[in-house]
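First up is the structure itself, then whatever we jot down about it.
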Amino acid sequence: MVHLTIDGTRVQAKEGEMLLKVIKQLGIDVPSLCDHDAVEPFGACRLCLVEITKQSWDGWKKYVTSCLYPVEDGLIVNTQAEKVVEARKTLIDLQLARCPGSPEIQQLAADYGITQTSYEPKIDSDNCILCGLCTRICEHMGFAAISTVDRGPDRRIASPLDEPPPDCIGCLACAINCPTNVIPYTEKGNKRTIWDKEFELITCSKCGRKTITRDFARALSKMRDIPEAYFEVCDACHRAETATNMGRIAGWSRREEAAS
Ligand code: SF4
Ligand code: SF4
Ligand code: FES
């Protein structure tokens with residue numbers, strides 16, 4: 001365990017833990033658009049910047065991206081230092097110029113008192129902040145169906161050759177976790193479409209609810225060695241069935257105890 005001080009509060013943390021995680025556990029609001037518990041930190045948005053120092057540093061201070069900085073014993077962290085807030089404002093201002101139509105970035109900017117970007121706003125922006133969360137999550141799940149393509153101002157997230165990605169299984173993890181909500185998908189009846197690829201949604205054989213895509217079920221079945229038939233029933237019905245069975249077993253044991 002290491003001991004550190006964050007915004008005046010003494011805390012202890014596990015060795016190797018990233019500073020941002022500990023900051024968040026304290027309920028301190030530090031913007032962190034490219035961070036997600038499921039994947040390794042990447043340091044793309046730089047918004048989680050904080051000021052650090054130590055008693056032994058003799059007043060010397062350092063500015064670090066907290067999602068990539070492991071906790072250290074004796075660290076004194078200031079998440080709201082003047083320089084930090086100013087740097088965050090500049091970064092948010094730049095994001096607002098890149099994504100002028102994003103409600104999420106507009107809200108973040110407003111939280112920092114920015115109503116209009118001081119840079120040239122990008123025309124026809126796709127409102128993607130290029131945080132790479134979608135590609136990292138997809139890769140982490142074992143599919144790597146999408147990637148970052150092109151360079152400079154044309155950099156963007158795309159499927160191979162801009163065609164329906166062969167490796168996509170329609171799980172939606174990229175879309176649901178996108179911080180600016182810019183990956184479109186539709187669901188109509190038992191069809192889901194994402195990245196221009198259409199998927200069949202499984203209908204729970206017990207309650208009729210639409211569950212995951214058939215491609216996702218196939219992939220999970222292979223990865224976790226679960227029979228494909230398992231996915232014909234939704235999670236809620238599986239849980240209800242387990243509860244009923246447990247209740248039956250408990251009833252039998254009570255009856256057996258009473259009889260003995
Ligand atoms: S929907 Fe497709 S691209 Fe998105 S995370 Fe799932 S597999 Fe990857
Ligand atoms: S599409 Fe969303 S998740 Fe992917 S890089 Fe852009 S902002 Fe990040
Ligand atoms: S959350 Fe740390 S750089 Fe984005």
Side-chain angles (χ1 to χ4, degrees), residues 18-24 28-50 52 63-70 77 79 84 87-88 91-92 94-96 98-105 108 122 125-150 154-160 162-187 191-201 212-220 222-223:
M18 292 301 152
L19 198 45
L20 178 64
K21 200 171 171 203
V22 186
I23 291 171
K24 282 187 175 173
I28 297 170
D29 188 22
V30 165
S32 53
L33 293 181
C34 69
D35 187 64
H36 193 288
D37 281 348
V39 290
E40 291 293 310
F42 190 55
C45 74
R46 320 306 287 182
L47 291 172
C48 64
L49 191 78
V50 295
I52 57 166
Y63 298 90
V64 298
T65 36
S66 57
C67 67
L68 286 171
Y69 200 89
V77 184
T79 69
V84 163
R88 260 187 228 144
L91 290 166
I92 293 169
L94 284 162
Q95 292 290 18
L96 192 58
R98 186 184 165 81
C99 311
S102 161
E104 291 79 7
I105 301 298
L108 183 60
K122 192 172 179 209
S125 168
D126 58 2
N127 293 325
C128 164
I129 60 164
L130 288 172
C131 66
L133 198 49
C134 51
T135 56
R136 284 182 289 138
I137 285 181
C138 187
E139 199 177 334
H140 175 77
M141 291 182 58
F143 306 114
I146 49 173
S147 59
T148 310
V149 298
D150 296 339
D154 295 328
R155 247 176 115 214
R156 65 196 167 92
I157 304 296
S159 53
D162 284 319
E163 288 188 356
D167 296 329
C168 176
I169 43 85
C171 67
L172 291 194
C174 54
I176 289 167
N177 291 295
C178 169
T180 52
N181 226 352
V182 289
I183 301 178
Y185 67 92
T186 57
E187 280 183 3
K191 297 278 179 241
R192 171 183 291 166
T193 307
I194 184 164
W195 297 107
D196 289 330
K197 187 169 174 180
E198 192 178 87
F199 297 91
E200 181 204 342
L201 286 167
I212 58 175
T213 66
R214 190 152 303 282
D215 293 55
F216 194 11
R218 256 181 227 132
L220 284 173
K222 259 196 214 147
M223 284 191 287

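Order of appearance sets the numbers: ligands from 1, and atoms from 1 within every ligand.
Judged by distance alone, with hydrogens and angles left aside, the side-chain atoms of Arg88 form a donor-acceptor pair with the main-chain N or O of Leu47 at under 3.5 Å. Thr65 places no side-chain N or O within donor-acceptor distance of the main-chain N or O of Arg46, the cut-off being under 3.5 Å. With hydrogens and angles disregarded, a donor-acceptor distance shorter than 3.5 Å links the side chain of Thr180 to the backbone of Asn127.
For the salt bridge (charged side-chain N to carboxylate O under 4.0 Å, His left out) with Glu200, the lone residue among Lys191, Arg218, Arg214 that qualifies is Arg214.
Between Ile194 and Cys174 there is a side-chain heavy-atom pair separated by less than 4.5 Å. Looking at heavy atoms from C-beta onward, Ser32 lies out of side-chain contact with Cys67 at the 4.5 angstrom threshold. Within the 4.5 Å cutoff, side-chain heavy atoms of Val30 are placed close to those of Leu20.
For atom 7 (S) of ligand 1, the closest heavy atom belonging to the protein is Ile169 N, 3.5 Å. With hydrogens left out, the protein atom closest to atom 8 (Fe) of ligand 2 is Cys131 SG, 2.3 Å, a heavy atom. Closest to atom 2 (Fe) of ligand 2 among all protein heavy atoms lies Cys178 SG, 2.4 Å. For atom 5 (S) of ligand 2, the closest non-hydrogen atom on the protein side is Gly132 N, 3.2 Å.
Listed by number with element, the atoms of ligand 2 under 4.0 angstrom from any heavy atom of Ile157 are 4 (Fe), 5 (S). Each of the following atoms of ligand 2 lies closer than 4.0 Å to a heavy atom of Thr180: 7 (S). Per-residue contacts place Cys128 under 4.0 angstrom from the following atoms of ligand 2 (heavy atoms of the residue considered): 1 (S), 5 (S), 6 (Fe), 7 (S).
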Query raised in the report: Stepwise, does the side chain to side chain contact (heavy atoms under 4.5 Å, CB included) test hold for Ile157 with Cys178?
Result: CA-CA 11 Å; Ile157 304 296; Cys178 169; over 6 Å; no
**Report entry** Worked verdict on Ile212 versus Leu220 for side chain to side chain contact (heavy atoms under 4.5 Å, CB included)
**Finding:** CA-CA 10 Å; Ile212 58 175; Leu220 284 173; 4.0 Å; yes
Requested in this report: Output, in order, the C-alpha distance, side-chain angles, deciding distance and verdict of salt bridge (Lys or Arg N to Asp or Glu O under 4.0 Å) for Arg156 and Asp162.
Outcome: CA-CA 11 Å; Arg156 65 196 167 92; Asp162 284 319; 3.0 Å; yes
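Atom CD1 of residue Ile52 and atom OH of residue Tyr63 lie 10.5 Å apart, to the nearest 0.5 angstrom. Put simply, SG on Cys128 and CZ on Arg98 are 6.0 Å apart, with the number rounded to the nearest 0.5 Å.
Listed by chain and residue number, the protein N/O/S atoms under 2.8 Å of atom 2 (Fe) of ligand 3 are Cys48 SG, Cys67 SG, with waters left out. Distances under 2.8 Å from atom 4 (Fe) of ligand 1 pick out the protein N/O/S atoms Cys174 SG.
Annotation for Lys24: atom NZ counts as buried by contact number, over 12 foreign heavy atoms lying within 6.0 Å.
Within the 4.0 Å heavy-atom criterion, the part of Leu130 lying near ligand 2 is the backbone and not the side chain.
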